[in-house]
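Scroll down for the structure; my scribbles are underneath it.
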Amino acid sequence: MSSALSDDYATRSGFLITPVVVWGGPARTLVRQSSEVARIHLIPLADFDHPPELLRIPESSAPVLRLALLGGHVYAPTAAIIHQFCQLALHGFTTRVAHFEQPVFAWR
């Protein structure tokens with residue numbers, strides 16, 4: 001079993017996210033807790049392997065990180081965590097992401 005600790009990501013809404021990835025062997029059937037999870041998406045890691053978009057907003061000097069995914073977009077902090085994991089898992093790159101901004105809708 002191996003693990004990796006990613007950047008802590010402080011959200012504008014007051015939470016601190018510490019992503020931890022652990023690989024423990026072959027995947028098993030995933031069971032969702034319906035009160036916490038609406039859907040489970042099984043997405044091949046290679047589908048994450050495209051450059052993120054960096055958007056400028058007037059409310060911040062830091063860029064907002066956005067990824068195209070599942071026919072829509074995912075924004076930081078989720079997009080930042082996915083991007084960091086993909087860079088390490090697929091390319092061996094240590095990429096920092098905690099400095100990316102979140103869209104204004106996530107500040108509440």
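The chain is numbered in sequence order, starting from 1.
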List the atom of I40, the atom of V31, and the distance in Å for their closest heavy-atom pair. CD1-C, 4.2 Å
Would you say that L67 contacts I82 through its side chain, given a criterion of any heavy-atom pair below 4.5 Å between the two side chains? yes
Derivation of the side-chain contact (heavy atoms from CB on, under 4.5 Å) call for I17 and I81: CA-CA 9 Å; I17 300 171; I81 293 166; 3.7 Å; yes
Can you tell if the side chain of Y75 reaches within under 4.5 Å of the side chain of Q102, non-hydrogen atoms only? no
Quick one: closest heavy-atom pair of V97 and Y9, and the distance? O-CE1, 3.5 Å
Between P77 and T11 the two heavy atoms that sit nearest each other are CG-CG2, 4.0 Å
Apply side-chain contact (heavy atoms from CB on, under 4.5 Å) to residues R39 and R32 and explain how you reach the verdict. CA-CA 7 Å; R39 289 175 291 202; R32 72 180 178 93; 5.9 Å; no
Would you indicate whether the side-chain heavy atoms of L90 and L45 approach each other to under 4.5 Å? yes
More than 12 non-hydrogen atoms from neighbouring residues, nucleotides or ligands closer than 6.0 Å to CZ on F105, yes or no? yes
Taking the ring of F48 and the ring of F85, is the distance between their centroids below 6.0 Å? no
How about V74 and R66: do any of their side-chain heavy atoms sit closer than 4.5 Å? no
Below 30° counts as parallel, above 60° as perpendicular, anything between as tilted: where do the rings of H91 and F93 land? parallel
Taking all non-hydrogen atoms of both residues into account, name the closest pair between P103 and A76 and its distance. CD-O, 3.5 Å
Quick one: do R96 and T94 satisfy side-chain contact (heavy atoms from CB on, under 4.5 Å)? Show the steps, please. CA-CA 7 Å; R96 305 280 50 111; T94 302; 3.0 Å; yes
Measuring only between side-chain heavy atoms, which start at C-beta, is P63 closer than 4.5 Å to R56? yes
Would you indicate whether the side-chain heavy atoms of Q84 and D7 approach each other to under 4.5 Å? yes
Nearest non-hydrogen partners of P52 and L65, listed with the distance: CB-CG, 3.8 Å
Stepwise side-chain contact (heavy atoms from CB on, under 4.5 Å) check, H73 with E53: CA-CA 10 Å; H73 292 98; E53 296 175 77; 3.5 Å; yes
